[in-house]
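Okay, so here's the structure we're looking at.
Proteins get letters first, then strands, A, B, ... in listed order; numbering begins at 1 in each.
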Amino acid sequence: MIALALASILLPTVGAALIALSPRSASKRLGQIFAGLATACLLVLAYQFSVGGKIPAEYSVINFGGVEILGFGVDTVSVLVACAVVGIGFLISIYSGGYLDAGNREHPDIVRRRYFAFLSLFIGAMAGLVFSTTVIGQLVFFEISGVCSWALIGYYEKPKSLYSAAKALIITHIASLGLYVAASVMFLETHTFALSAIGGLSETAKTIVLLAILVAAWGKSAQLPFHMWLPDAMEAPTPVSAYLHAASMVKVGVYIFARALMSSNGAPELVGYVCTIMATITLVYGFIMYLPQCDMKRLLAYSTITQLSYMFLGLGLSVFGSQMAFNGAIAHLFNHAFAKTLFFLVAGALSYTTGTRMLPLLRGVLSKSPLLGIAFVVAALAIAGVPPFNGFFSKFAIFAGGFEVAQQHPLLMVLLVIALLESVGSFAWFLKWVGWTVPGRPSEAVAAASPVPLSMQIVLITLIVMAVCSSFIAAIWLG
Amino acid sequence: MTPIQLLCASLACSIVAAFGSLLLSRAENWAISFAGLGGLVAAVLGGVAGASVLSGAPLVLDVAGPFSFAHFIIRLDALSGLMVLVISTLAAVASIYSFSYVREYGGRGVGPMGFFFNLFVASMVLVVVADNAFWFLVFFEMMSLASYFLVIFDQDEEAVSAGFIYFLVAHAGSVAIMAGFFLMANAAGSLDFAAFRATHPSALVASIVFVLSLLGFGAKAGMIPLHVWLPRAHPAAPSHASALMSGVMIKIGVFGILKVSVDLLGGDVLWWGIAVLALGAISSVLGVIYALAEHDIKRLLAYHSVENIGIIMLGIGTGMIGIATHHPLVAMLGMLAGLYHLINHAIFKGLLFLGAGAVIFRMHTKDMDKMGGLARTMPWTSACFLVGALAISAIPPLNGFVSEWFTYQALFAAALDGTFLVQFATPIAATALALTGALAVMCFVKAYGEMFSGLPRSKKAEQTTEVPAPMIIGMVLLAAACVGLGLAAPLVVPVIGGIAAAILHMPPASFANGVMVLPGDPAHTLLSTPLLAVLLVGLATVPLAISAAFSGSRANRRQAAEPWACGYLPDAHMTVTAHSFAQPIRMFFAPLYAVRRTAAAASEGIERQFVKLVSLARRGEPMLDRALVGPSISFVGGVGKRLQILQSGALSTYCLYIVAALAILLLITLR
Amino acid sequence: MVASDLPPLLLLSPLVFALVIFAMPTSGRSARLIELLHLVSIVGTLVLALTTVGYVLSHGTLVTFGDWLMVDPLAAIFVGLIGVVGCLTGFYSIGYIRHDVAHGELTAVKQKLYYGFFNLFLFTMLLVVTANNIVMMWVGIEATTLGSAFLVGIYGKGTSLEAAWKYLIICSVGVAFGLYGTVLTFANASASIDPHQAVLWTSILAHAQDLDPTLVKIAFVFVLIGFGTKAGIFPMHAWLPDAHSEAPSPVSGLLSGVLLKCGLFVIIRYYAVTMKAIGPEFPQSILLVLGVLTVAVSAFLVFVQHDFKRKLAYHSIEHVGLIVIGLGVGGPLGIAAALLHTINHSFTKALLFCGSGNVLQKYGTRDLRSVKGILRTAPVTGLFIMAGALALAGFPPFNVFVSEFMVFAAGLDAGYPKLMILVALLFTITVAALVDIIAHSVLGKAPENMEKSDSSWLSLAPMGVLLALIMVFGVAMPRPVGDILRQATGIVMDQGHATATATPIEHVAAKK
Amino acid sequence: MSGLQIVNGLAGLLIVTSLLVVVARKPSQSAKFYALQSLVLVAVFVALGSATNAPQLYVWAAVAFVTKVVLVPVIMARSFGRLSDERLGSGERISPAVTVLLAAVVVLLCTLIISGVTLPAAAGIKPALAISLAHFFFGLACIVTQRNILKQVFGYCLMENGSHLTLALLAGSAPELVEIGITTDAVFAVVIMVILATQINRKLATLDADQLTTLKG
């Protein structure tokens, strides 16, 4: 199994190198092929893993002087998340093939090698991060993903996008100091970088390590006070936003924190309080910031911020002893990846066909392009948490888990109520835009839209299906 | 087949119909037929399933499902069986009706309509049979979702905005319900309703759960003040869907209140009953008053739904008072009244919506002021609508009368003995019911008169023709049901009484021909609708017979001439319009209408605050950015620029730096 | 040949070649011959250097020439560095100088002098790092100034002469302070041991406990100021941006990559003595303060600078600051981190300076505001600069990340969490600055009339090798490097080669 | 008068000669004064050698004589004569009187500092040591206060002489090879400085250090 996991990390990386070396015209195909291969590897891995009874396994890859520097671990959570991030990476590669061409109304483009090279590298880095069992490994892939994201956000090379890219990089880099601290403290206390050692730390050290990781996680997952890079990162090409800022990179934060909690053997309550309180504050802030947004992608960016807050809320609640909240957070990570990717890709398809992504200009999408209309509705409802779409199921678990532990902690009850209100609020807001955008007579921009390329259609349909199925997959997988 | 299997088959049918319709959406006629037929079969199967458990032990199906925290459990007991039966009945009729009616929507997506319609029915059925909080919520939301798409089907501004409010209120309600369920689950340690039933949470938690579910389900039921969505959403949906929404879906709200407060929580807190009673009274009175002021037929019907929900809640509330005060008679009577009215309202409101739909099918307008004289062109529709109108106006011997009569009985029974609070509340409620009944009559006199009698007030009204057979069949079936449920009350009452008893965990009461005998005073509960019918028919036919017998001699002296209208020929403009008809009432109840204005003003105020919040957010969004990122960059740049002065380019300065560094370090060292 | 001949041979080889090159006639035809000689010399130096390092690694310290020359593991690191970076920048020089000669920026005479001085410069640096005699060390340092001053001013333009002048004067003045430190140490030591031994670093270290503490302190301050000038520690750094920006790019690479480290090397030698004599507290606190100051000042200066090479020069100052912080933090981890960072920074900075050379020749300017779209006009150079900048910014999987992380960890270990976070934030500023280079110069719209053509393979090949080294050191550092780092740390800590196995250094020093 | 007193006295003479070097009008004059000073230095070495009975100091003296009294002044005199910058004027930032005062202050300060030193090797030669240090700093002051780059070269030479003296006083026992290395360095340094100064004068037509400030920031 380790071979497959390694393959899923190395294949895209090799792909990136090949893309950099081969002519521009081949970059598209190469990117898609390698992402596809990695996905295939992971699917086989997932199959073998579940057939083998889902027994977690760890493998050291690089050791030095008896200390594990880099190791990869296969367990239920990592396989699930890896399948999502790599699989979506593959979908995005396909979509990008259609999106980045001269027919794009918003950003006509010839595909530069840079795009697929960094995208491939990013996929590899994400897989690496997901499977990594050492803090150092996480830190390394964390930073690599940061660089790739920087390169991809600034892809269009406009001053604004370059500025946004630098901002994203710097802010996440500052936050990554948390991971530096965590790794250092861990190493100095235990002489190992293995995540599993967190459980053996003294209470104080554990608190420091977890809080430090939490800070890094906030940075990557765009939580207050590090959130400001994400809305600006919408300068990226839309498939990139979909992948990095919905499915994968922003999840890194949640994921590393989840991993730390998993191996912490019971985290101090302080960590739980910090995590939940900040999550709630971000939740409210993100919601308020929905209101003035007209740019669809910016709206989605804020929505991503709040959805990530739900995950942090779940993780924070799990500190108080709720396994259900933890599973909910992981499932939400998985579900949200599909739903938000779909939503971003709809935004991308809209700007591809109409040349704008300003919501006020987009009306009557359904009659012009039923697929986009349906996808829009599905994505919005999934994000808003309406069954049978996936968002509901994981949010439900988070809340259920929360109420489970809130009885003993009145403050948590308050936070949960705020979160519930927020969920109603964001539901209202998305419903409003669904009502505005999807039904009715097409607006000028929409009426003049060009058709959606086939590759993009296929990806959208796949994601619509996943937006319904993913929660069941996650639920079955996580047990 | 066991009822559970029947139910599953019914659900499967619904889903097949739904997806079939979607897949066939290119071939519209096929889609319509497939959706209708599938819906009909599903409804019949479901109806049989529901009917077969009305008097029997609960049946439970427990499937693990993918979610570890919640098993997928179906529980078919008397109450849910009743609900399934009601849903199925109306769904069957609506399916029949849809064969013709949906053609109206040709080219506008009949495939998806069939999809959502069938999904809507299936999710309603699942809501009532789900026996796990999680799945309950899932289906509750799916029900809202499916109906949301039906509401916005016209895709115009009004429909979309109505749909928005509808779905928002429903979702907010479901969140409240969810919170309540979570609190329960905490006490019970599981999300299964079976576990809920077995636990007794503390009084505070129980009350919080009750309030949350009252809010949540009340919103769904359209009880005042959570009714705002109802008069907008129901008119917007296609009529066969409106019939289901008004006829059944809002009942699920009532069902939920009943389920949570009585079935799950035991319901032995007095103020719960009083609260339900009070809200019911308010809903019924205000509902009918608002209905009076409408001239849009579907809005009018929608407000009547608010009214009737109020009436049902009066019954349920009384029943809850009975439970809390340990008066089995009151409890039983209240439940009986509530459930009976629930069924009845489903039938006649479905009928009325279908009737209205039929009219709209031909008229393409919902404005009653533009109709008139349709009785001549659309006799069947007119007749059915009349039956419905009479039923909703509680005219004996139709079904509405029976259930309202039981409601009165329950209220009086409760008023007879009990605490002061009960003795104070129930008479007021009874008065409210009386007022409601009177105004309802007036309202339907107006509605029927406006639409079907008099002269046509528009060209279209003159040119109307009767609607196609499937629609008529649907309406006739329901009209027959109205009559049947009225006349057959003695047969129906024991069944419903049995359900009420099952809810209350009491032994089924014994019933004799029209007389319900309970441990109480039988004099209060004497009712025989067949007798009433005979009397009423007699009252009408005896004078007619007399007149017929003696009129033969005068017939040939009869002259036909234009009616006298102060010298003018009567024309359509002279007819009383919906507006003018209601004018006295509007004057009389001006303060109550003012409530609506205040509410509107308040909502405007909220909207202003919201706009402020938006602009605040707009200004606030870049603020953090400006406060953190910008200053940091300019700080770094500024410091850098200042530090550049150090690098002045002058060699002697550089040498001095070295000397200074040495001096300082030496000073530190030798300190 | 015996092993003890290695160090003298190592020293002689570049010196002899330098003299031969100087002696060559200057005609058009001899240019190729001179290049060949140069090539033989640098390759020879590389081979000899690596042989020496290999010997030291397998057999331990190499002492020869009456104990005046010594290559211990600590020196071996620097010998290797000079060999590798010297060879690569020397190789890069061939293409670079050819281009300049072809464009009339340099004459044939200057070309000859360039190669001569280049080898001389290598010789002087080797002299510094192989010296055991502390006065010889000083002489070597002073000689590096003399050897490289001409290289800095080789273009003969106003600015380059000015830079050379400042470089010469300031370093001479600064290093003169170093002489005081040296003399004080010698006088101090000769009070207790034989004068002929007192001049040797090894014997001073051996008798460090007998030294007068006050004088040791004063001497350390003088040494720090004196050799710190050479190393570019704030506030003695003032010459550095001028010299590095005006020198030919390969020389800049050598200056930044190796010369600064030679200054640091001498400081490390005295640091070891001082620690042993009076304990670590005094030298470490001074180093820490200076290091943090250096990082703090240079971080801001990097940010506002628009001249490509000046920016890189300030960046070197910052990294020297980090190395000094590593030393100041102390402990096995801190010192190992500092040494590793020395190596890593050399490779990275050499790569970037070579890249800046390509850019300069392509665009004719170093002003980053007017350099755009390198990736389009010169893709390979662009790629190298991109990778180099990212490496320098401390991103994995490149090498600088590893040593930066180690310094950080060492700082936390030593109980300076706030300071370390401050430093890390300051480094974030430079991350911004480096990313800015990529964003605005490597990417962006290329000038209209510029054709797409990269530098010759002569220039690109050494850069490729450097990048490969950067990657190797980042991903899988060779085991021998880890060993030698550990041994060198042991020397600085004066624990001999018997470093306790349980210390974190064993694990971290050779991370990956 | 003991040998050491002679050493101390001669060292005092160094300050006087260095003042002459600094305040001299023309660089070529300065070169002559520098030769004179170096001669004094040689004398100090000889005196020190005889006083401490250190024969190797005679070698030092010989080497210093060849390089500092003959070689360097000749090189400087020959090349500086050709360099000129009319606009520069005297190139002083401070007047000669103040320079003298500065020298006095530096000597005083260094005496104070050295009085605190407890090195056994420095027992009898503290005044000389103080002066050598003062000499060093005075050379530094010359670099700082003189705008003429040629004077800056002299400043460097003065510093070098100061440190040379210190070396002799404190490390007279060090091997000769060391001394040769240091002297060679000094000679090469001066040579390179002269070449650079010549190039600057040729290229920029100035000798003014204040004109050399294009590189900044």
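- Distance check, rounded to the nearest 0.5 Å: CG of A/L177 to CZ of C/F408 gives 5.5 Å.
- Taking non-hydrogen atoms and a 4.5 Å limit, the residue list of residues 155-162 of chain A in contact with chain C, ordered by number, reads A/E157, A/L162.
- The shortest distance between side-chain heavy atoms of C/L443 and A/R114 falls below 4.5 Å.
- With a 4.5 Å cut-off on non-hydrogen atoms, C/M386 touches chain A through its side chain but not through its backbone.
- Annotation: the span from C/M420 atom CE to A/Y180 atom OH amounts to 13.5 Å, rounded to 0.5 Å.
- Residues of residues 423-433 of chain C lying under 4.5 angstrom from chain A, judged on non-hydrogen atoms, are C/A424, C/L425, C/T428, C/V431, C/A432 by number.
- The side-chain heavy atoms of C/F395 and A/I144, taken from C-beta on, include no pair separated by under 4.5 Å.
- Of the inter-residue distances, the one linking A/W150 atom CH2 with C/I438 atom CD1 reads 4.0 Å to the nearest 0.5 angstrom.
- Remark: of the listed residues A/V140, A/L139, A/V147, A/V140 is the sole one forming a side chain to side chain contact (heavy atoms under 4.5 Å, CB included) with C/P396.
- Below 30°, between 30° and 60°, or above 60°: for A/F193 and C/F405 the angle between ring planes is between 30° and 60°, a tilted geometry.
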Original post:
When you look at C/V435 and A/I170, which way does the side chain to side chain contact (heavy atoms under 4.5 Å, CB included) test go after all the steps?
Top reply: CA-CA 9 Å; C/V435 162; A/I170 296 299; 5.5 Å; no

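- With contacts defined as side-chain heavy-atom distances shorter than 4.5 Å, the pair A/F187/C/D413 does not qualify.
- With a 4.5 angstrom heavy-atom cutoff, C/L412 touches chain A via backbone and side-chain atoms both.
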